[in-house]
Amino acid sequence: TLRQCATRSSVKIIVAHRPLAGAAGLPAFLRAVEVGGRGVVLGPLGRAGVAERAAVLLGGRQDPALVEHVLEQTAGHPRLVDRLLTGLRDTAQGGVGQSSAGRDGAGRTAEALPAGVLRQVVADVATHPVELRRLLQARALGAPVDPAILAPVLDVPLDDAAVLVDRAVAAGLLLDDGSLPPLLRLAVLTGVGVAHRAALHRRIAEFRLAQGGDVEDIADS
């Protein structure tokens, strides 16, 4: 029905979808829509984009150090950018959250990470299916993105491990290279119990050693 509508000049259709099509028939529908329109590929915000969001949410041009801090913590993920900027704004308005580095001209710190922001991101992560959360936990603790190691760590078939990575990227939980933005990584680790974290960490180390890999880089994870 939607494909038929897309062929009518009197009908305007706007389609938003994740990078992975998934649903049967969706690629053909997207091609039909783009015949008379155009596609826009969205990606993470760069420095200019973060500065623009900071100006909107915090009011006026912001200290470059604050913009750099937000970009570093979020890797430009739009949802995380807004979460962190809003948290910094609310913390400043509440008169708390000053860091040892001092405040910028707008009364906000460039290094603060409000506890409320972390709680919100932890809650966001909790809304995703358990298999995606397990993947995030493994990546946050140093498991490589290689499905050959992820599969035994997560106790899933090899093909399923690769699909999970793709799903996590499509959901904005992992960056295109399979890494976690620092703020999201901190939230993921905050939501992992101490015993579970230790067991998963040990499991990752065992499989990496079995593959002939090095585990020095995950010693402090």
J.: Can you tell me how far apart CD1 (Ile13) and CZ (Phe29) are? Round to the nearest 0.5 Å.
T.: 4.5 Å
J.: Counting only pairs under 3.5 Å, give me each side-chain donor-acceptor contact of residues 42-52, with atom names and distances, residues two or more places apart or in other chains.
T.:
| residue | atom | partner | partner atom | Å |
| --- | --- | --- | --- | --- |
| Arg47 | NE | Glu68 | OE1 | 2.8 |
| Arg47 | NH2 | Glu68 | OE1 | 3.2 |
| Arg47 | NH2 | Glu68 | OE2 | 3.2 |

J.: Hey, does the side chain of Gln62 reach the backbone of Gly60 with a donor-acceptor pair shorter than 3.5 angstrom?
T.: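 Here the side-chain-to-backbone pair exists.
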J.: Evaluate the side-chain contact (heavy atoms from CB on, under 4.5 Å) criterion for residues Leu200 and Val192: first the C-alpha distance (whole Å), next the side-chain angles of each, then the deciding distance (0.1 Å), finally the verdict.
T.: CA-CA 10 Å; Leu200 183 56; Val192 181; 5.8 Å; no
J.: Only pairs under 3.5 Å count here: list side-chain donor-acceptor contacts from residues 176-184, not counting sequence neighbours, and write none if there are none.
T.:
| residue | atom | partner | partner atom | Å |
| --- | --- | --- | --- | --- |
| Asp177 | OD1 | Ser179 | N | 3.0 |
| Asp177 | OD1 | Ser179 | OG | 2.6 |
| Asp177 | OD2 | Ser179 | OG | 3.4 |

J.: Identify the heavy atoms of Ile149 and Pro144 that sit nearest to each other, and give their distance.
T.: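 In terms of heavy atoms, the two residues are closest at CD1-CG, 3.6 Å.
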J.: Are the side chain of Arg89 and the backbone of Leu58 linked by a donor-acceptor contact shorter than 3.5 Å?
T.: no
J.: Test your reading of the model: is there a side-chain donor-acceptor pair from Arg203 to the backbone of Leu154, 3.5 Å cut-off?
T.: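 Between the backbone of Leu154 and the side chain of Arg203 there is no qualifying donor-acceptor contact (under 3.5 Å).
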J.: When you measure from the side chain of Thr86 to the backbone of Arg83, do you find a donor-acceptor pair of N or O atoms at a distance under 3.5 Å?
T.: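 Checking the backbone N and O of Arg83 against the side chain of Thr86, no donor-acceptor pair under 3.5 Å is found.
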J.: Got a second to check how far Arg79's CZ is from Gln120's CD, nearest 0.5 Å?
T.: 9.0 Å
J.: How far does CG of Leu132 sit from CG of Leu136, to the nearest 0.5 angstrom?
T.: 6.5 Å
J.: Nearest 0.5 Å, please: how far is CG in Asp155 from CD in Glu131?
T.: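 Separation between the atoms: 13.5 Å.
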J.: For the side chain of Arg133 and the backbone of His128, is there at least one donor-acceptor N/O pair under 3.5 Å apart?
T.: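 Yes, the answer is positive, given that a donor and an acceptor are paired below the 3.5 Å cut-off.
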J.: Consider only side-chain heavy atoms of I, L, V, M, F, W and Y, link residues closer than 4.5 Å, and tell whether Val81 and Leu57 are in one cluster.
T.: yes
J.: Can you tell me how far CG of Leu113 sits from CG of Leu88, rounded to the nearest 0.5 angstrom?
T.: 8.0 Å
J.: With sequence neighbours left out, write down each residue that passes salt bridge (Lys or Arg N to Asp or Glu O under 4.0 Å) with Asp160, or none if nothing qualifies.
T.: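 In terms of salt bridge (Lys or Arg N to Asp or Glu O under 4.0 Å), with neighbours along the sequence ignored, Asp160 is linked to no residue.
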